[in-house]
Structure formats: structure tokens, C-alpha cells
Protein chains: 2
Amino acid sequence: MNRREASKNETRQLILRAARRLFAQKGMEESTIRDIAREAGVSPASVVVHFKSKTALLEEALNRDIETALSELAASMPEDLELLDRLMHLAKGFFRLYDQNRKLYRALIRHTIFEPAGETPHITKVSELYLRFLSGLVEEGQARGIIKPEVDTTIAAGSIFSLYLGALIMLFRRPDMTVEQVAETLAAMTDQYLKGIAIIEP
Amino acid sequence: MNRREASKNETRQLILRAARRLFAQKGMEESTIRDIAREAGVSPASVVVHFKSKTALLEEALNRDIETALSELAASMPEDLELLDRLMHLAKGFFRLYDQNRKLYRALIRHTIFEPAGETPHITKVSELYLRFLSGLVEEGQARGIIKPEVDTTIAAGSIFSLYLGALIMLFRRPDMTVEQVAETLAAMTDQYLKGIAIIEP
DNA sequence: AGTTTATATTAAACATGTTTAACTAATAAA
DNA sequence: TTTATTAGTTAAACATGTTTAATATAAACT
């Protein structure tokens, strides 16, 4: 690596670390680019040059913790429990992460969830991993004979993810609700989804 | 009504009309408060005094069309179709509305969906109406004997609404997808939800 | 009617994300 | 080694949402 490239990476890391500190401490809106630049010892312009925009910087800053959480959750996934509990293991893990700083993660989700994939590479990647993980769980359920074989697993993953998103929105909208309460609601919704709410005539 | 109050309302309407025109024409980010003020023939400060913030102005500006759409959809709800089709009637109606200007409605949803209820009164009200309508449909299904009587209808409404939101996010994230395609995906998800994906041992 | 108070309006200032153009230093070319 | 080019950095400018303080005028009061 070049001497130039090295120092570039170094300032990039300085900015990232400063951003993580300030974002965690004061939230997104309250941490100005000027603040972050000062904390990192660089110019405000440098922040923008390195990370296109404040939103993109937020995404980069939080990405590490999100990826860590996902891989830890995947690794700690209990094998023996039934599907609903395994789904809740995943969802609750993310709820707990976001609960560490709801305002900050709300800002992240707000700025990324509606963007086309290319604009938010990290969140897009995590979402895709999550979706693939979900469809994997459903496929496994089919292999075990507990999920209907005719079910489209991609659609199923989308359904489960949608229910999760609905609960996530509840978590962000309702500061009075605890992670446990939101998780219970999600469990009830997912349970309905697994069992179906319609009466099927055999 | 006072002469003062009357003129206040008048400028309020001037601003609202200007905002509707400009937002529809150029989108939210591209319409500055200064633009809107100029178009309305008032000062930029006046815009903020009348509508707290640009976001709140957007919510006010779009609220009329959203409420109209909701009441028309409720009125035109087909009585004879089965539940899935009736749910899709509602969802598709909103998808079509949002499809008239995806970027603009995306901005609206982004700025309102995560806010506590008090901050976004109109969207909150519409969401609550929608949710109540959904739980009403489910209750009706129970009365007709096509929905399991033990189903919690509030949870069911939340589930159906979450699936709808998931599809809505897809509509906003994927400019390449048509309303019809998104609606088909939602129909598939909702169908899974109604029938259940798990195999139930009798 | 004259005076006071409340309020709608606005000009000017402010804060902050972002852009632009200039500067500096490292690398490549001669 | 000297020169030219590329690329990282930044100061200054800009655009825009919002706040503040001043102004004007309608309503309330005496």
C-alpha cells in the first residue's frame, strides 16, 4: 500500500471513530459534520470527501455492530427449538441491538430502508443475508416436514421479514414499549402466519 | 370568524395550494420553502409559522388525497369477493395512489412512519383507520365462519398491515417494479398468511 | 375615541449539509 | 534529479431549513 493510500485510510478511520463516538453519544441530528470533523482532527470537507454524505457516514459507522450482531445471532441460533422460537431468536437479537440507541438506529433505518439497493450497500447486504437466512430456515422446515412443501420460500422469507419490519416500526414509534412487548407482538403475528388464520375445508 | 383569523386562513390556503403544486411538480427536496413562499406570495418565515416544518407541510399537503383515496376505497369495497381479494382491493388502491408520484409519497412515508403518533397526526389517523378497517374485515370473516374464531383480530390487522408495509417498501425501493407486480407479491404473502405455511397435525 | 394588547407577518440572522476551487504533497514521468 | 501529474486535503462559498427579533395591524379594553 502507498504512503498516500495509507494516510488516506488513516484519516478515514479517524473520521469513522469520531463519528461512532459522537453519533452514539449525541445522536445523528445533534452530531454535525463540523463536530465530527473537529473530533477527528480533519476538515468538514474531508468528511464529505471520504463518505459522500452524512447518511452514508452513519451507515458506515453502524455497519460493524450490525454485521457483528447478525453473525453472532446466526452462530448462536438454537438448533433444537421450533421454528417460531428460532425466528424470534433472530428478531429479538436485532431488537436488543436497536434498543441500545433507538433514536440512532431509527435514523439509520429511516434513511436506508426506502433507498434503491445501490445507495445503501451495507444495509442492503444485511437485509439480503437476513432474507436468505429466513428462506433457509423455511426450507429446512420443509425438509423436516413441518412446513408445507408447496410454499414458495422466497415469498415466505418476505412475509416473515415484513412482519419483523412491522414490529420494528412499532419499536421505533412507541418509546413506551419494551423490547419484550414488541417481541411478544411479533411472536403473535408470526404464529398466526405459521398456522394461518383461515379455516381450511379439507 | 375574525377578520384576522380569516386572513390567516387565507394565507394558510395560499401556502397549501402553492405547496401542493410545487411538491407535485418538482418533488419534496427540489421544492424549497423559499420557492413555495414565492409561489404563494408570502415570506418564507410565514410558511414555517403556519406549518411548523417542511415535513409537516408535506403531510398537510398530501393528506387530502390520501383521505379521499381511503374513503373511496372503503366505499367501493366489493362485498361479494373473498377476503384476500378485498384486502388486495385496499392495498392496490393505495399502491396506485402512491404510484402517481412515488418519490413524493416515499418522502412522506419516510418522514412519518417512524415518528411517534403525536408528531404526524394525519398519517397516524389514516393508519389507524386502515387498521380498524382491517380488523373489521377479519371480524366479519369470523362472523361468516371463514376465519378461526380464536384469532386475535387486532394482531391479525397488525399482521396484514405489516405485510402491506413490506410490499410498500418494495414499491418505493424498486422503481423497476410495477404496481401489479408488487401487488402480486403482496397477494402471495397474504395468501400464505391466511392459509398458514405450517403443517398442522389434526 | 384613544390606548393597550395580542397576533399575523416578515426581514434578517443562524446552523448546517454540501459544493467548489485552491493548495499541498506524493507519485510517475522525463 | 527535475518536472509533471495525480490525488488527498481544506478554506471559503453556497443552499436551504429554521429561529429570532422587529413591525404592523386587528382586536380588546378604558
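Letters go in sequence order (proteins before strands), and every chain restarts at 1. Quick note: numbers below take in every heavy atom, side chains included, and nothing from hydrogens, waters or symmetry partners. Bear in mind that the values here come from a model prediction, so they are computed numbers and not experimental data.
- Distance OG/A/S46 to NZ/A/K8: 10.5 Å, rounded to 0.5 Å.
- Comparing D/dG17, C/dT19, C/dT10 by their closest approach to the side chain of B/K54 singles out D/dG17.
- With distances taken from any side-chain atom of A/S53 to the nucleotides D/dG17, D/dT9, C/dT18, the minimum falls on C/dT18.
- One interatomic measurement links the two molecules: CD1 of B/I33 to P of C/dC14, which rounds to 19 Å at whole-angstrom precision.
- B/F95 has its ring centre no less than 6.0 Å from the ring centre of B/Y98.
- If you check D/dA11, D/dT20, C/dT9 against the side chain of B/K8, the one that comes closest is C/dT9.
- The side chain of B/N2 sits closest to D/dA27 out of D/dA27, C/dT10, D/dT18.
- Side-chain proximity of A/A45 to D/dA11, D/dT16, D/dT9: nearest is D/dA11.
- Regarding B/E5, its CD atom lies at a distance of 10 Å from the P atom of D/dA27, rounded to whole Å.
- With respect to A/E115 and B/R110, a salt bridge is recorded, a charged nitrogen being found less than 4.0 Å from a carboxylate O.
- Distance CZ (A/R38) to C1' (D/dT10): 15 Å, rounded to an integer number of Å.
- Each of A/V49 and B/T32 lies near DNA chain D, and the nucleotide nearest A/V49 is the one positioned closer to the 5' end.
- At whole-Å resolution of the value, CD1 in A/I15 and P in D/dG8 are 12 Å apart.
- Atom CG of B/L57 is separated from atom P of D/dT16 by 16 Å (rounded to the nearest Å).
- Side-chain contact check for A/L134 versus A/L90: some heavy-atom pair is nearer than 4.5 Å.
- The base of C/dT27 does not come close enough to the side chain of A/R3 for any donor and acceptor atom to sit less than 3.5 Å apart.
- In terms of phosphate contacts, B/S7 brings no side-chain nitrogen or oxygen within less than 4.0 Å of OP1 or OP2 of D/dA26.
- Candidate nucleotides D/dT9, D/dT18, C/dT10 were compared by shortest atom distance to the side chain of B/S43, and C/dT10 ranks first.
- Rounded to an integer number of Å, the gap from A/L58 CG to C/dG17 C1' is 14 Å.
- Rounded to whole angstrom, the span from the CD atom of A/E30 across to the C1' atom of C/dG17 amounts to 15 Å.
- The separation between B/R34 atom CZ and D/dC14 atom P is 14 Å, rounded to whole Å.
- Side chains of B/D35 and B/T32: a donor-acceptor N/O pair is present below 3.5 angstrom, by distance only.
- Listed candidates were D/dT18, D/dT9, D/dG8. Nearest to the side chain of A/H50 is D/dT9.
- Between B/V42 and A/E29, the residue anchored closer to the 5' end of DNA chain C is B/V42, taking for each the nucleotide with the nearest heavy atom.
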